[in-house]
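Reminder, nothing fancy here: chain letters follow the sequence lines and each chain counts from 1.
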Number of protein chains: 2
Amino acid sequence: MTYSIKEVAEKTNLSIYTLRFYDKQGLLPFVARNEAGYRVFTEGDLALLETICCLKNTGMKIKDIQKYIAYVMQGPTTVQKRKELLQHHRQEVVAKQEEIARNLAGIDYKIELYDAPNATSLVAQEVAAAKADKKANGLPDPYPSF
Amino acid sequence: MTYSIKEVAEKTNLSIYTLRFYDKQGLLPFVARNEAGYRVFTEGDLALLETICCLKNTGMKIKDIQKYIAYVMQGPTTVQKRKELLQHHRQEVVAKQEEIARNLAGIDYKIELYDAPNATSLVAQEVAAAKADKKANGLPDPYPSF
DNA sequence: TCTTGCACTAGAGTTAAGTCTAGGGTTTAT
DNA sequence: ATAAACCCTAGACTTAACTCTAGTGCAAGA
């Protein structure tokens with residue numbers, strides 16, 4: 001079984017434009033063409049594309065994905081390099097996830113504040129403090145009265 | 001105590017350029033100016049900027065941060081709207097975190113493969129399958145021999 | 001065979017989020 | 001009173017990752 005670019009677009013949720021763009025960027029050197037120059041995807045190609053999507057969806061730059069694919073195209077001798085590349089990326093993703101979790105905690109704090117029964121008065125206090133802060137430094141007050 | 005743009009840049013790890021850019025985008029309507037037109041940041045301003053960074057670092061678009069700040073500037077009457085905006089964003093962040101975790105699992109699978117004692121032969125099998133796949137469909141083989 | 005749909009390339013355009021430059025005031029220490 | 005270190009704006013430029021257009025060719029059904 002083989003697939004046209006349109007079918008692959010549907011399977012992967014990438015647009016046809018994006019697939020062609022990826023090809024241009026050297027991410028799909030393994031995709032064959034038929035006599036008319038049309039791209040022909042095999043099952044094996046889809047498996048590799050799946051990996052490409054994992055890398056993309058975790059924020060890897062196209063240039064780095066291209067590097068990984070270049071290793072893959074060189075065969076089993078590059079196993080070590082592939083592993084290092086993926087492990088390095090893994091570190092970055094985990095770090096990013098932790099950073100997001102930290103920042104989300106800051107947002108959760110705000111949500112709790114806004115969710116409190118006396119949220120309005122708590123926020124009013126915040127504003128009062130900010131106003132006082134401005135006044136103490138002889139600066140104009142950008143907040144509305146009340 | 002007040003802070004110059006340079007001091008704020010150091011405290012927040014945002015560049016001076018970025019701070020001015022954010023101001024241009026309407027993210028810092030609360031920041032006052034002195035007689036010379038220089039931005040003057042108060043402690044209260046830093047607290048708000050901290051929230052802006054939480055939103056930015058979790059991937060909120062500047063336009064949406066701008067919306068949130070606009071609510072803040074309107075005072076305590078907008079508590080409900082702020083809460084809804086943040087809760088909605090929270091959903092998106094959590095969903096994104098889950099998506100990343102799923103894709104990272106796909107990468108971990110590859111790492112394990114490359115980390116196996118017989119990784120080279122396992123990868124060789126992968127390539128053999130891909131080659132067979134191409135051949136079965138009468139397509140050229142893009143992989144090197146062995 | 002004609003129409004409709006899908007494919008191709010090259011290259012222009014878009015969007016988000018900065019980043020930098022030019023030209024010009026301000027402040028501070030010497 | 002001048003150099004060094006700041007600050008300002010407007011607006012041009014950059015980068016990543018698409019997204020689309022124009023012009024053209026192939027393919028399959030009525």
Looking only at the side chain of B/I5 (C-beta and beyond, no hydrogens), which of the listed nucleotides D/dC7, C/dC8, C/dG18 gets closest? D/dC7
Assign each of B/F21 and A/V40 the nucleotide of DNA chain C bearing its closest heavy atom; nearer the 5' end lies the nucleotide of A/V40
Selected nucleotide, minimal atom distance to A/Y38 side chain, candidates C/dG18, C/dT19, D/dA27: D/dA27
Show your reasoning for whether side chain to side chain donor-acceptor pair (under 3.5 Å) applies to B/Y71 and B/R82. CA-CA 7 Å; B/Y71 286 146; B/R82 299 187 207 180; over 6 Å; no
Just so I know, are the side chains of B/E112 and B/Y114 near enough to count as touching, which here means a heavy-atom distance under 4.5 Å? no
Check: A/E92 side chain, A/H89 main-chain N or O, donor-acceptor pair, under 3.5 Å: no
Of the listed nucleotides (C/dT21, C/dA17, D/dC8), which one gets closest to any side-chain atom of B/K61? C/dA17
Give a yes/no answer on whether the side chain of A/S15 brings an N or O atom under 4.0 Å of OP1 or OP2 in D/dC18. no
So does B/R20 get a side-chain nitrogen or oxygen closer than 4.0 Å to the phosphate oxygens (OP1/OP2) of D/dC8? yes
Given C/dA7, D/dT9, C/dG18, the nucleotide with the shortest approach to the side chain of B/T18: C/dG18
Nearest-nucleotide comparison on DNA chain C, the residue closer to the 5′ end among B/A36 and B/K63: B/K63
Could you go through the side-chain contact (heavy atoms from CB on, under 4.5 Å) check for B/Q25 and B/Q66 one step at a time? CA-CA 7 Å; B/Q25 299 303 303; B/Q66 196 278 327; 5.9 Å; no
